There are 2 protein chains.
Amino acid sequence: MEDFTALLKKHNLKVTPQRLKIITMLHAHGHINIEDLFSEIREEFPNVSLATIYKNIHQMTESGLVREVKIPSLKSVYEVAKEPHLHMVCDKCHKVEDIVLDTDKIIEEAEKVSGYKIEESFITLRGICPECRHK
Amino acid sequence: MEDFTALLKKHNLKVTPQRLKIITMLHAHGHINIEDLFSEIREEFPNVSLATIYKNIHQMTESGLVREVKIPSLKSVYEVAKEPHLHMVCDKCHKVEDIVLDTDKIIEEAEKVSGYKIEESFITLRGICPECRHK
DNA sequence: TTTTTAAAGGAAAAATATTTTCTTTTAAAA
DNA sequence: TTTTAAAAGAAAATATTTTTCCTTTAAAAA
């Protein structure tokens with residue numbers, strides 16, 4: 001169990017019940033879109049405003065606590081920032097999973113080919129997850 | 001010079017002046033967002049509707065003629081579909097470039113780690129382009 | 001502890017973005 | 001040529017995101 005209160009403080013964000021709920025949800029789901037986040041939070045906070053969700057997600061993204069993940073043909077999802085990783089998206093069940101892989105080789109190769117100094121990579125792979133494949 | 005008329009026909013899309021302009025623009029820019037596409041097309045077709053742009057981009061994407069490229073912190077851009085490639089985005093000048101790289105190794109590794117059967121990869125790398133770096 | 005205050009929440013409106021509807025126009029088949 | 005199915009354009013509808021403004025509250029200061 002993580003200490004989300006400390007995490008919010010570390011990012012200079014006031015600790016509010018709504019914020020704790022948002023970050024708890026992000027962590028529990030791994031990845032969640034705005035719409036689903038709003039629906040779920042409204043179960044516990046019936047008066048929460050969609051603007052609160054948007055404002056918080058924006059602040060948390062700005063502060064580096066949260067990351068937006070843009071996925072082809074799906075709505076953006078959000079995740080609590082952690083070590084660099086790739087995203088796997090299942091074409092059947094549409095779940096999004098993280099995997100950690102060494103990307104040094106391909107980054108190095110890309111720098112060589114492009115002449116860019118690469119700061120960050122965003123890698124999403126789509127296909128069929130093991131569960132859907134074996135159904 | 002490419003034959004966009006033939007390309008549209010191949011995708012069972014009626015050849016209209018607006019469509020030819022859209023696909024010509026996409027090809028000329030490499031990557032362009034809806035807003036810029038609309039502005040530029042309106043120079044030649046002052047009465048073109050934004051709905052026409054959206055409807056066509058949607059159809060062309062559906063038919064596989066065009067690809068949407070979702071890029072972190074930028075608006076989506078569109079490109080004429082071609083061989084698989086990576087996207088490089090410059091943090092300074094925000095240009096988007098394609099590079100072709102062999103990704104077999106990392107895909108294979110990802111399949112091993114995740115158990116997924118991967119169908120397609122989306123790789124975007126952000127950093128500083130050679131031009132901005134040497135300024 | 002209270003008091004103070006700067007930030008956050010909520011409601012509504014505004015701004016943006018995208019899609020749909022409906023009528024007119026047009027590319028292309030007959 | 002006609003015919004017709006699809007596309008264009010205009011406007012309205014819908015969806016998404018941001019802003020505004022007033023109230024509430026977390027947390028710093030007294």
Side-chain angles (χ1 to χ4, degrees), chain A residues 3-26 32-63 65-78, chain B residues 3-26 32-63 65-78:
Chain A
D3 184 354
F4 296 127
T5 295
L7 200 52
L8 286 173
K9 284 181 177 162
K10 197 174 96 184
H11 287 264
N12 300 309
L13 296 171
K14 213 156 90 172
V15 179
T16 67
Q18 293 86 343
R19 269 186 187 152
L20 279 171
K21 180 73 183 181
I22 288 171
I23 192 169
T24 302
M25 295 294 313
L26 290 175
I32 190 168
N33 67 37
I34 294 285
E35 195 183 346
D36 293 346
L37 190 60
F38 179 56
S39 309
E40 287 220 34
I41 290 178
R42 208 165 33 170
E43 287 174 18
E44 184 172 338
F45 299 91
N47 295 324
V48 76
S49 166
L50 191 49
T52 297
I53 308 294
Y54 275 109
K55 283 186 281 197
N56 275 296
I57 286 291
H58 185 258
Q59 288 171 320
M60 290 175 178
T61 303
E62 287 284 286
S63 79
L65 172 51
V66 162
R67 286 266 165 75
E68 177 182 9
V69 184
K70 290 187 174 183
I71 296 174
S73 75
L74 293 183
K75 292 184 189 177
S76 282
V77 294
Y78 297 84
Chain B
D3 184 355
F4 296 128
T5 295
L7 200 51
L8 286 174
K9 283 181 180 163
K10 198 174 96 184
H11 288 263
N12 298 311
L13 296 170
K14 213 157 92 173
V15 180
T16 68
Q18 293 87 343
R19 270 186 185 151
L20 278 172
K21 180 72 182 182
I22 288 171
I23 192 168
T24 301
M25 296 293 313
L26 290 175
I32 190 167
N33 66 39
I34 294 284
E35 194 184 346
D36 294 346
L37 190 59
F38 179 55
S39 309
E40 288 219 34
I41 291 177
R42 208 166 31 171
E43 288 173 18
E44 185 172 337
F45 299 91
N47 295 323
V48 75
S49 165
L50 191 48
T52 297
I53 308 294
Y54 276 110
K55 281 186 282 195
N56 274 296
I57 286 291
H58 184 259
Q59 288 171 319
M60 290 175 179
T61 303
E62 287 284 287
S63 79
L65 172 52
V66 162
R67 285 266 165 73
E68 177 181 9
V69 184
K70 290 187 174 183
I71 295 173
S73 75
L74 293 184
K75 292 183 189 177
S76 282
V77 294
Y78 297 84

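Sequence lines set the chain letters: A, B, ... in the order given, protein chains first and strands last, and positions in each chain run from 1. Since this is a predicted model, take the numbers as computed values, not measurements.
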Over how many whole Å does the gap from [X] atom [atom1] to [N] atom [atom2] extend?
X       : N      : atom1 : atom2 : result
A:Leu50 : C:dA12 : CG    : P     : 14 Å
B:Asn47 : D:dA10 : CG    : C1'   : 10 Å
B:Tyr78 : C:dA17 : OH    : C1'   : 11 Å
B:His11 : D:dA6  : NE2   : P     : 18 Å
A:Glu62 : D:dT18 : CD    : C1'   : 14 Å
A:Lys55 : D:dT23 : NZ    : P     : 15 Å
B:Glu68 : C:dA17 : CD    : P     : 14 Å
B:Ile34 : D:dT16 : CD1   : C1'   : 16 Å

- Task: Please check the phosphate of C:dG9 (OP1 and OP2 only) for any side-chain N or O of A:Thr16 closer than 4.0 Å.
- Result: yes
- Message: From C-beta outward on B:Tyr54, which listed nucleotide comes closest to its side chain: C:dA27, D:dA8, C:dT19?
- Response: C:dT19
- Per A:Val15 side chain, nearest of listed nucleotides C:dT26, D:dA10, D:dA27: D:dA27
- Message: Between D:dA6 and B:Lys14, counting only base atoms on the nucleotide and side-chain atoms on the residue, is there a donor-acceptor pair under 3.5 Å?
- Response: yes
- On DNA chain C, more 5' by nearest nucleotide between B:Lys75 and A:Asn12 is A:Asn12
- Are A:Glu68 and A:Ser76 close enough that a side-chain donor and a side-chain acceptor fall under 3.5 Å? yes
- Task: Calculate, to the nearest 0.5 Å, the distance between atoms NE2 and CG belonging to A:His11 and A:Leu65 respectively.
- Result: 4.5 Å
